[in-house]
Each structure stands twice: as C-alpha cells, then as structure tokens.
Amino acid sequence: MGGDDSGVASDNFDWNTEDELEIENYQSSCLTVPNGDAVTGSGDASSSAVLANSKVLDHFVGMGFSREMVSKVIQEYGEENEAKLLEELLTYTALESSPPPQTLIVTDPSSSGNAGSSWDDFSDTDIFSDEDMEKNISDSENDDTLRTLVKMGYKQEEALIAIERLGPNSSLDELVDFIGVAQIAKAEDALLPPEEKLQYNGYAKSNKRRFYECEVLGRKKPRGCEKKIINDDDEEALHLPNPMIGFGVPTESNFITLRRLPEDAIGPPYFYYENVALAPKGVWQTISRFLYDVEPEFVDSKFFCAAARKRGYIHNLPIQNRFPLLPLPPRTIHEAFPLTRKWWPSWDPRTKLNCLQTCIGSAKLTERIRKAVENYEGDPPDHAQKYVLDQCRKWNLVWVGRNKVAPLEPDEVETLLGFPRNHTRGGGISRTDRYKSLGNSFQIDTVAYHLSVLKEMYPNGINLLSLFSGIGGAEVALHRLGIPLKNVVSVEKSEVNRNIVRSWWEQTNQKGHLYDMEDVRELDADRLEQLMNTFGGFDLIVGGSPCNNLAGSNRVSRDGLEGKESSLFFDYFRILDLVKNMMSKCR
DNA sequence: TCGATTATGATTAACAGG
DNA sequence: CCTGTTAATCATAATCGA
C-alpha cells in the first residue's frame with residue numbers, strides 16, 4: 001500500500017500542493033497569443049514590397065502576425081535574428097491590444113499567502129484529482145500570453161522561447177509545461193535534493209492526468225499497473241523496459257499486450273513518431289505529453305537484426321496481429337557476416353553489434369588494436385583484451401583478418417538496417433554522407449513490424465505524410481510490407497537524402513505521387529489544406545525528429561529538446577495536430 | 001570547397017556488491 | 001537501501017589534402 005515514505009505532509013514542503021494549485025489556476029483560463037484577428041493589417045503592402053519574398057516574413061505571418069507589422073519589424077532589425085524579431089513582434093502586439101482586465105488570480109510562487117481557500121484539500125486528493133476540470137472556462141481571449149507568463153513569474157526570455165517553440169496557438173498550460181521542463185533541464189541540483197526535484201518535475205508534468213493503461217494477458221504482468229494508479233507518482237511511469245521489447249517483438253513474444261489509448265490520441269490519422277530511447281532525463285515525458293499522453297514503446301532493434309538500436313516510438317496504431325517482414329534478417333554477427341567467423345577471437349564474446357552511428361572508427365584506431373594483439377602467441381593478456389573489446393564495442397568493429405579489425409562498409413550498414421543494397425549509393429552522395437544518412441535512419445524490420453497492422457486496413461494503399469524522411473525509412477518499410485503508396489508528402493532538409501528517396505521511388509515503379517518538400521517549418525495550415533484537398537487527408541503521419549541534441553554521442557550540444565535541431569519535434573507535433581484537427585472537422 | 005580523417009567525454013541506466 | 005562499476009550512445013568540430 002502506498003504509504004512508503006511519502007510522509008503525511010507534516011512538515012513536508014508543499015511543492016505539490018502549491019504547484020497543483022497554480023496549475024489549476026493557470027489552466028482555468030485558456031489564453032492565446034493575439035493572432036488571427038491581428039491579421040487584418042489594413043492591406044497596406046507599401047512597406048512590405050521589398051520583403052515580399054522573405055521566408056522569415058512568411059514564417060511570422062504564418063504565426064498570425066500581420067504582414068504589415070512583421071515587415072516593419074524586419075526592416076528595423078533585419079531578418080537574421082528570429083528570436084529578436086519575435087520578441088519585438090510580441091511587444092508590439094502587446095502594446096496594440098488594450099490591456100485586458102486581469103481576470104486571473106495569479107498566486108506568487110514564493111508566497112503561500114492565499115493558498116487557503118478552496119484548494120487546501122488538494123494534498124489529500126491530489127492523487128485522485130482526475131476531475132480534469134472543464135478547462136477553458138473563463139476563456140478570456142484577449143489576454144496576452146506573454147504578459148501572463150511574465151506575471152506568473154517566468155522570465156520573459158523563457159516565455160518567449162516557449163511561445164516560439166510551441167507556436168502562438170498553444171494553450172497556456174502547454175507553455176507552462178514547456179517552461180517547467182526547460183527550467184528543470186537547466187536547473188542545477190544544488191538546491192534540490194533528489195526527491196523534491198522529482199516532485200518539482202512532477203509539477204511540470206500534467207494536470208490532465210496521464211492515463212496509461214496496459215494489461216497483459218498470459219504470463220507476466222507488468223508490475224504495478226493498478227498499483228501505479230493508486231500509488232501514482234507520475235515519475236516512474238516512464239521506465240525503459242528490460243528487455244527492451246516494447247509491446248512485443250516477433251522473436252520473444254509469448255504474451256500479448258493490450259493497451260487503451262487516451263481519447264485524444266485516437267485517429268485518424270494514424271501517427272508514428274520515433275527518436276532515441278536514451279535521451280536526457282525528462283525528454284520522453286515531454287514528448288509523450290505533447291503526443292496526447294501516449295505511452296512510448298521502447299524497442300531495441302537487436303531483436304530484429306544483428307545490431308542494437310534502442311529507440312522510442314510513440315504511435316496510435318493497433319498493436320495486435322503484427323507480423324514481421326520476410327525473410328527474417330540474420331540476427332547475429334556471424335550470420336550477417338559469415339566471413340568474420342574465421343578471424344573472430346574466442347575471447348570476443350560479441351554476438352550483436354552496437355548501435356550503428358553516423359561516424360566510423362578511424363584507421364589509426366584499427367592500427368592501435370592490431371599492435372595491441374599481434375605480439376602474443378596465444379590469447380592476449382587481460383588488459384589488452386579489455387582495451388580491444390572496449391574499442392570494438394565503442395566503434396562497432398568486426399574481425400576481417402588475423403589481428404585485424406575494421407569498421408563496417410556502407411553497404412553492410414544498409415543491409416543491417418534493412419534497406420535494399422546500394423540504396424544510398426551513387427547519385428552524388430559521398431561516402432561520409434552515406435554513413436551519416438544511414439546512421440540517422442530507421443531500422444526497417446523494426447518499423448515495418450509496427451506498421452504491419454496497416455496492411456489489412458488499407459488494401460488499396462495509403463496517403464502518407466513523412467516528416468524528416470531522411471533516406472525514406474518509412475516509405476521503404478511500407479513498400480516492403482506490400483502497402484501501396486498512393487500519395488506521399490515527404491519533407492526532408494538534406495538534398496542528397498531527397499535525391500535518394502526520389503531515386504528509390506522511381507526504381508521501384510511506384511504508382512502513386514511523391515511530393516518533395518524541404519523544411520517542416522514551411523508546412524503550414526494553408527499548405528496542408530492545399531495538399532489535403534488534392535487527395536483528401538492523410539492516413540499516416542510518420543516522423544523521427546532530429547536526435548542531434550538528444551543523442552549520447554554528442555559531446556558538444558546535447559541540449560535536450562530545446563536544442564537547435566531537436567526542437568523541431570515541436571513542428572512534428574504542430575503539423576500532426578493541424579492535420580488531426582482538419583481531419584476531425586471534415587468528418 | 002569538398003570529402004576524408006581524426007580526436008573529442010558526459011549522461012544515464014543497469015548492474016554488482018555491500 | 002546504499003555506493004561504486006560497467007556499459008552504451010541516430011555526433012561535432014577541427015584539420016588536412018586534393
């Protein structure tokens with residue numbers, strides 16, 4: 001039974017209480033940045049003539065600012081610094097809109113003054129506080145979000161970043177969540193002992209109670225399903241499964257997993273999101289919260305092929321009656337590369353490769369390894385073995401000759417990942433870029449297994465929106481499943497990658513249409529509507545947003561979801577949400 | 001300028017042993 | 001429970017040569 005050390009609030013800090021309280025307060029008013037109504041910029045295009053073709057201008061107009069105002073600001077500050085521009089735009093907007101009557105009761109986080117009213121029994125009930133409040137009650141539409149956030153005690157800079165990332169139409173509690181997570185990411189632990197940090201984290205988590213429900217029929221029950229609901233700390237709701245088999249893999253699933261999706265997550269469209277499993281703390285909580293509180297499915301591709309690939313997938317697909325691609329790929333190093341067997345030392349126990357990354361081991365390193373092992377009659381001493389094994393694991397080296405290790409060739413990586421041979425070869429791509437593109441891609445068998453449920457649902461094919469397409473992992477997976485591709489909108493920044501997908505599309509005699517696009521940020525509501533009108537909606541939206549700032553290999557800029565590239569996740573969410581809304585309207 | 005080559009740790013989670 | 005250890009990790013940036 002719960003209890004544990006959660007103490008009876010005696011002299012506990014009431015982080016929880018207070019935070020919950022604030023959240024509820026914030027939540028009770030759904031504020032939006034002034035948009036829409038400001039668009040009517042009196043059509044005066046005189047000043048914007050020069051900038052008629054500016055991407056930046058379109059960007060901000062797309063966010064809901066008037067063309068007139070945007071061009072004014074751009075002329076004044078240039079279009080280099082978008083953050084600065086946004087700041088100015090928000091300031092101008094705030095000045096223009098008459099200061100609204102402050103209907104909010106904003107409690108100062110540092111004072112517990114007025115916490116005594118109707119909220120004080122929260123500490124008792126807060127675990128059951130699912131009453132999920134009719135949100136958006138006092139819809140004071142003209143309130144300025146930025147102003148409100150600042151009044152709440154957030155720094156203007158933080159608020160601006162949040163608004164920029166989430167877009168002007170995001171709800172206030174999304175913004176607050178974002179800032180909270182950002183703060184935690186930055187906060188040094190100095191002030192907060194672990195437990196309180198967790199609770200603080202939990203604050204940022206959600207008012208809307210996350211509801212993961214999973215049930216296992218058959219053998220094992222995942223520990224504490226119902227316990228979680230009672231004892232619930234939102235904390236450990238996200239843990240990596242061990243073994244990392246998600247909701248099941250073809251090779252070792254002797255039990256069936258059922259899940260119930262949150263209402264908001266149910267399609268159409270179906271969506272499928274992917275990123276690295278070993279992201280910094282809190283990242284997957286945030287991603288999950290944005291993607292309609294769907295529980296991530298963490299899967300290691302080592303259960304599908306000969307290389308590990310620990311990834312998290314968030315999707316709203318059915319998970320029953322999945323089937324794997326055939327033929328099943330080799331699942332050990334020896335099966336995948338039989339020629340290595342002859343040279344494989346008995347003291348190298350590896351049977352699986354580690355994650356295929358974007359860079360390979362250097363020649364110097366393989367030379368050092370050769371020198372470390374070649375001067376011994378029998379097996380090298382322990383320290384040499386350890387050194388060699390560590391490096392081989394780190395750089396995924398295989399034995400290709402006596403005392404000789406080497407990194408994988410690009411076509412070997414292609415094979416391991418499930419792509420057709422030479423998929424990334426030729427057509428103007430360098431070897432270095434090949435490694436990079438492959439290292440950033442899906443493992444086809446893994447993804448195809450998840451997408452296989454679509455086959456019987458769409459015998460006539462699907463319309464696919466593929467964001468961050470890369471070298472077309474989603475397209476290849478669906479094609480190999482035998483699911484016809486009717487219309488594919490593929491958004492990918494890298495030109496060589498777009499060429500690869502285009503080339504594959506033509507080589508495989510696709511009957512459908514492939515639409516290219518370069519930047520997800522240019523995919524706005526208008527563009528989507530235009531596309532969807534031509535072929536009517538999307539059946540599936542796939543995307544693995546950039547992992548640069550999440551991946552452990554990044555020593556320089558592992559900045560989390562706010563990172564320069566990885567923050568494009570919010571564009572995945574933005575676009576998914578747009579399509580979702582458009583499609584629910586059209587029904 | 002492009003492509004190839006090389007060196008560059010920190011963050012977590014799992015694990016082992018008290 | 002605690003603490004130290006092991007292990008894995010969709011990368012960036014500087015440099016060099018053609």
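The figures here come from the full heavy-atom set of this structure, side chains too, leaving out hydrogens, waters and symmetry mates. This structure is a prediction, so every number in the text was calculated from the model and none was measured.
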Chemist: Got A:Lys404 and A:Thr366 here, is their nearest side-chain heavy-atom distance under 4.5 Å?
Modeler: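 Counting from C-beta outward, A:Lys404 and A:Thr366 never come under 4.5 Å.
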Chemist: Can you label the angle between the A:Tyr272 ring and the A:Phe442 ring as parallel, tilted or perpendicular, going by 30° and 60°?
Modeler: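 Rings of A:Tyr272 and A:Phe442: perpendicular, as their planes differ by over 60°.
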Chemist: Whole angstrom is fine here: how far is it from NZ in A:Lys386 over to C1' in C:dA7?
Modeler: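 From A:Lys386 NZ to C:dA7 C1': 9 Å.
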Chemist: Scan side-chain atoms only and decide if A:Tyr376 and A:Asn403 contain a donor-acceptor pair under the 3.5 Å cut-off.
Modeler: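 Result is no, nothing qualifies.
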Chemist: Take A:Tyr572 and A:Phe468, measure what ring pair (Phe, Tyr, Trp, His ring centres under 6.0 Å) needs, and give me the verdict at the end.
Modeler: CA-CA 9 Å; A:Tyr572 179 87; A:Phe468 315 103; 7.0 Å; no
Chemist: Rounded to whole angstroms, how far apart are CG on A:Asn554 and P on B:dA7?
Modeler: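 Taking CG of A:Asn554 and P of B:dA7, I get 19 Å after rounding.
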Chemist: Compare all side-chain heavy atoms of A:Val294 with those of A:Phe271 and state whether any distance is below 4.5 angstrom.
Modeler: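 Side-chain contact under 4.5 Å: yes.
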Chemist: Is there a side-chain hydrogen bond (donor to acceptor under 3.5 Å, both in side chains) between A:Tyr313 and A:His450? Walk through the geometry before answering.
Modeler: CA-CA 9 Å; A:Tyr313 306 88; A:His450 297 156; 5.6 Å; no
Chemist: Under the salt bridge (charged side-chain N to carboxylate O under 4.0 Å, His left out) rule, collect the residues that match up with A:Arg311, sequence neighbours excluded.
Modeler: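 Per chain and number, A:Arg311 pairs via salt bridge (charged side-chain N to carboxylate O under 4.0 Å, His left out) with A:Glu274.
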Chemist: Hey, are the side chains of A:Trp505 and A:Val488 touching, using non-hydrogen atoms and a 4.5 Å cut-off?
Modeler: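 With C-beta onward as the side chain, the pair touches.
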Chemist: So, are A:Glu409 and A:Arg431 salt-bridged, with charged N and O less than 4.0 Å apart?
Modeler: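 Yes.
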Chemist: Using a 3.5 Å limit on both distances, find every run of at least three consecutive Watson-Crick or G-U pairs that involves DNA chain B.
Modeler: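 If one scans DNA chain B for consecutive Watson-Crick or G-U pairs, the stems found are B:1-8 with C:11-18, B:10-18 with C:1-9.
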Chemist: When you measure from the side-chain N and O atoms of A:Arg368 to the phosphate of B:dT6, is any distance below 4.0 Å, counting only OP1 and OP2?
Modeler: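 No.
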Chemist: Send over the distance from A:Asn354 CG to C:dC10 P, rounded to a whole Å.
Modeler: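 Interatomic distance, CG of A:Asn354 to P of C:dC10: 10 Å.
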Chemist: What is the distance, rounded to the nearest whole Å, between atom CG of A:Asn275 and atom P of C:dA11?
Modeler: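 Rounded to whole Å, this separation is 12 Å.
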Chemist: Rounded to the nearest angstrom, tell me the gap between atom CG in A:Leu353 and atom C1' in C:dC10.
Modeler: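 Taking CG of A:Leu353 and C1' of C:dC10, I get 15 Å after rounding.
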Chemist: Of the nucleotides C:dA11, B:dT11, C:dT9, which has the atom closest to the A:Cys359 side chain?
Modeler: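 Selected nucleotide: C:dA11.
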Chemist: Just how far, in rounded Å, is C1' of C:dC10 from CD of A:Glu274?
Modeler: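 Those two atoms, CD and C1', are 7 Å apart.
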Chemist: Can you tell me if A:Asn549 touches the phosphate of C:dA11, counting only side-chain N or O atoms and a distance under 4.0 Å to OP1 or OP2?
Modeler: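 No, because none of the side-chain N or O atoms of A:Asn549 sits under 4.0 Å from OP1 or OP2 of C:dA11.
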Chemist: Is the phosphate of C:dT9 approached by A:Ser553 (side-chain N or O, under 4.0 Å from OP1 or OP2)?
Modeler: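 No, because none of the side-chain N or O atoms of A:Ser553 sits under 4.0 Å from OP1 or OP2 of C:dT9.
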Chemist: Measure all distances between protein nitrogen or oxygen atoms and nitrogen or oxygen atoms of nucleotides 13-17 of chain B, and list the pairs falling under 3.5 Å.
Modeler:
{"residue": "B:dC15", "atom": "OP2", "partner": "A:Asn242", "partner atom": "ND2", "Å": "3.4"}

Chemist: Would one find a side-chain N or O of A:Gln357 under 4.0 angstrom from OP1 or OP2 of C:dA11?
Modeler: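 True: A:Gln357 side-chain N/O within range (under 4.0 Å) of C:dA11 OP1/OP2.
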Chemist: Among residues 412-446 of chain A, which contact DNA chain C at a heavy-atom distance under 4.0 Å?
Modeler: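 Within residues 412-446 of chain A, the residues near DNA chain C are A:Gly439, A:Asn440.
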Chemist: Under 6.0 Å from the NZ atom of A:Lys436, do we count more than 12 heavy atoms belonging to anything else shown?
Modeler: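 Open.
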Chemist: From B:dA7, C:dC10, C:dT9, pick the nucleotide closest to the side chain of A:Ala308?
Modeler: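 Closest of the options to the side chain of A:Ala308: C:dT9.
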Chemist: By salt bridge (charged side-chain N to carboxylate O under 4.0 Å, His left out), which residues pair with A:Lys386, not counting sequence neighbours?
Modeler: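 For A:Lys386 the salt bridge (charged side-chain N to carboxylate O under 4.0 Å, His left out) partners, ignoring immediate neighbours, are A:Asp390.
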Chemist: A:Lys302 has an atom NZ; how far is it from atom P of C:dC10, in whole Å?
Modeler: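 Whole-Å distance recorded here is 14 Å.
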Chemist: Is the closest side-chain heavy-atom distance between A:Lys564 and A:Ser557 below 4.5 Å?
Modeler: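 With C-beta onward as the side chain, the pair stays apart.
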Chemist: Answer with base, sugar-phosphate or nothing: what part of the nucleic acid does A:Arg350 contact at a heavy-atom distance below 4.0 Å?
Modeler: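 Nothing: the residue A:Arg350, judged by heavy atoms under 4.0 Å, touches no strand.
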Chemist: Roughly how far, to the nearest 0.5 Å, is the CD1 atom of A:Ile500 from the OG atom of A:Ser469?
Modeler: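 Reported value, rounded in 0.5 Å steps: 12.0 Å.
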Chemist: Between C:dT12, C:dA11, C:dA8, which nucleotide has the shortest distance from any of its atoms to the side chain of A:Ala551?
Modeler: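 The listed nucleotide nearest to A:Ala551's side chain is C:dA11.
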Chemist: Nearest-Å distance, NZ (A:Lys310) to P (C:dC10)?
Modeler: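 About 8 Å, once rounded to whole Å.
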Chemist: Are any of the side-chain heavy atoms of A:Val542 and A:Glu475 separated by less than 4.5 Å?
Modeler: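 Not touching, per the 4.5 Å side-chain cut-off.
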Chemist: Nearest to the A:Pro280 side chain among C:dC10, B:dT12, C:dT12, which nucleotide is it?
Modeler: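 Output: B:dT12.
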Chemist: Taking A:Asp571 first and then A:Arg574, would you say they form a salt bridge - that is, a charged N and a carboxylate O separated by under 4.0 Å?
Modeler: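 A salt bridge links A:Asp571 with A:Arg574.
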Chemist: Taking DNA chain B as the partner, which of residues 387-401 of chain A come within under 4.0 angstrom of it by heavy atom?
Modeler: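 When residues 387-401 of chain A is checked for heavy atoms under 4.0 Å from DNA chain B, the hits, listed by number, are A:Trp395.
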